[in-house]
Amino acid sequence: MTMDHVFPTYARFPFEPVTATGVTITDDQGKDYLDFTSGIGVCNLGYQNAEIQAAVTDQLGKIWHISNLYENHLQEAVAELLVGKEDKLVFFANSGTEANEAALKLARKATGKTKVLSFNHSFHGRTYGSMSMTGNAHIQEGFAPLVPDISFADYNDPASLDAITPDLAAVILEVIQGEGGVIVGDPDWLRDVQAKCQATDTLFIIDEVQTGIGRTGFKFAYEASA
Ligand SMILES: Cc1ncc(COP(=O)(O)O)c(C=O)c1O
């Protein structure tokens, strides 16, 4: 088929999945595929999971949209599942890039500082702040000027610790770089980054968009190095 009315921002595979169950998707010709991509990293609960189907169907029958202007016991219940008894707060966003935008804004507001250190080959999203923190020239090409005061160092490189200085608002990284080629963070290096952040009063933002919610066997992948 042709897609003449949609921006060609993606090079699409020439088939159309129309239904899916578990880990199998089926295209419009009836051909089955084993889905290893699962929503490119973020939807890791499979297709037509019975519990999710039931919960969504039940909610659709009650109220299917409401603004953040009102109390919402469901948001509170999910937030509690995420943080448990820890002294943490949850900010719900619609996408990974929006979560990182929020993290960047929070870091600047909370510290009063502006500089952020990110890493080469990272990916944090395609909106301006997140794209500016993405260490991939190809993603940023054509969109300058980017958000200022963001610099890059080499991932897993002990020399990068020298770039973590008290004038930084935050350091942002993925504990496993996903889009950059599945590069696993060295646990010792990750702990050194955390220690240097603490020593320099720098916030440490961990982007778990691709590794969180059980993807690596932990609720969040950073727990393996904590
Ligand atoms: C590590 C990481 N951060 C952020 C994003 C952006 O997420 P979204 O596409 O939901 O905006 C991605 C998407 O692949 C990602 O892998």
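Here the structure is a predicted model, which is why all the values come from computation and not from measurement.
The nearest pair of heavy atoms linking A153 to S160 is CB-OG, 3.4 Å. Residues I150 and G129 approach most closely at CD1-O, 4.4 Å, considering heavy atoms. Contact detail for A169 and T111: the closest heavy-atom pair is CB-OG1, 3.4 Å.
Around the CD atom of E76, the shell of radius 6.0 Å holds no more than 12 heavy atoms that belong to other residues, nucleotides or ligands. Other residues, nucleotides and ligands contribute more than 12 heavy atoms inside 6.0 Å of the CD atom of Q140. Heavy-atom contacts from other residues, nucleotides or ligands closer than 6.0 Å to CG of L74 number more than 12. Atom CD of E51 has 12 or fewer neighbouring heavy atoms from other residues, nucleotides or ligands inside a 6.0 Å radius.
Note on F91 and M133: separate hydrophobic clusters, where clusters join Ile, Leu, Val, Met, Phe, Trp and Tyr whose side-chain heavy atoms are under 4.5 Å apart, directly or indirectly. Two different hydrophobic clusters hold V209 and F218 under the rule that ILVMFWY side chains link at heavy-atom gaps under 4.5 Å. Hydrophobic clustering (side-chain heavy atoms under 4.5 Å, transitive across Ile, Leu, Val, Met, Phe, Trp, Tyr) keeps V147 apart from L106. Hydrophobic clustering (ILVMFWY, side-chain heavy atoms < 4.5 Å, transitive): L146 and F123 are in one cluster. In the hydrophobic cluster analysis, where Ile, Leu, Val, Met, Phe, Trp and Tyr join through side-chain heavy atoms closer than 4.5 angstrom, I63 is grouped together with Y70.
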Full working for side chain to side chain contact (heavy atoms under 4.5 Å, CB included) between D207 and E174: CA-CA 5 Å; D207 176 349; E174 302 146 86; 4.2 Å; yes

Using the rule given for side-chain hydrogen bond (donor to acceptor under 3.5 Å, both in side chains), can you reason through T26 versus T19, listing the C-alpha separation, both sets of side-chain angles and the distance that settles it, and then say yes or no? CA-CA 5 Å; T26 307; T19 179; 5.7 Å; no

Run the numbers on D167 and T165 for side-chain hydrogen bond (donor to acceptor under 3.5 Å, both in side chains), then give the verdict. CA-CA 6 Å; D167 58 337; T165 47; 2.5 Å; yes

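Counted by atom type alone, S95 and T97 present zero donor-acceptor pairs between their side chains at under 3.5 Å. Using modelled atom types and a 3.5 Å distance limit, the side chains of N120 and D154 yield a donor-acceptor pair. Side chains of S122 and Q177: a donor-acceptor N/O pair is absent below 3.5 angstrom, by distance only. Side-chain atoms of D149 and T114 include a donor-acceptor pair closer than 3.5 Å.
Checking side-chain atoms of K115 against main-chain N and O of A170 turns up no donor-acceptor pair under 3.5 Å. With hydrogens and angles disregarded, no donor-acceptor distance shorter than 3.5 Å links the side chain of T2 to the backbone of D4. A side-chain donor-acceptor contact under 3.5 Å links T134 to the backbone of H124. Put simply, the side chain of S130 never gets that close to the backbone of R126: no donor and acceptor are under 3.5 Å apart. Q75 places no side-chain N or O within 3.5 Å of a backbone atom of A79 that could act as its donor or acceptor partner. Here the side chain of D35 pairs no donor or acceptor atom with the backbone of I25 at under 3.5 angstrom. Side chain of Q48 to main chain of Q53: no donor-acceptor pair is present (N/O by atom type, distance under 3.5 Å, no hydrogens or angles).
Between the CD atom in E223 and the CD atom in E208 there is a gap of 8.0 Å [rounded to 0.5 Å]. Interatomic distance, OG1 of T216 versus CD of Q210, reported as 11.5 Å (0.5 Å rounding). The distance from the CZ atom of F15 to the OH atom of Y33 is 4.5 Å, given to the nearest 0.5 Å. Atom-to-atom distance recorded for N72:CG and I66:CD1 is 8.5 Å, nearest 0.5 angstrom. To the nearest 0.5 Å, atom CD of residue E80 and atom NZ of residue K85 are 5.0 Å apart. If you take OG on S118 and CD1 on I172, they are separated by 6.0 Å, rounding to the nearest 0.5 Å.
When side chains are defined from C-beta on, Q59 does not count as touching V56, because their heavy atoms never get closer than 4.5 Å.
Sorted by first and then second residue, the salt bridge (charged side-chain N to carboxylate O under 4.0 Å, His left out) pairs involving residues 196-205 (not counting sequence neighbours) form an empty list.
In the hydrophobic clustering (ILVMFWY side chains linked at under 4.5 Å, chained through shared members), F119 is joined by V78, L82, V83, V90, F92, L117, Y155, L161, I164, L168, V171, L173, V175, I183, W189, L190, V193, F204, I206, I213, F220, Y222.
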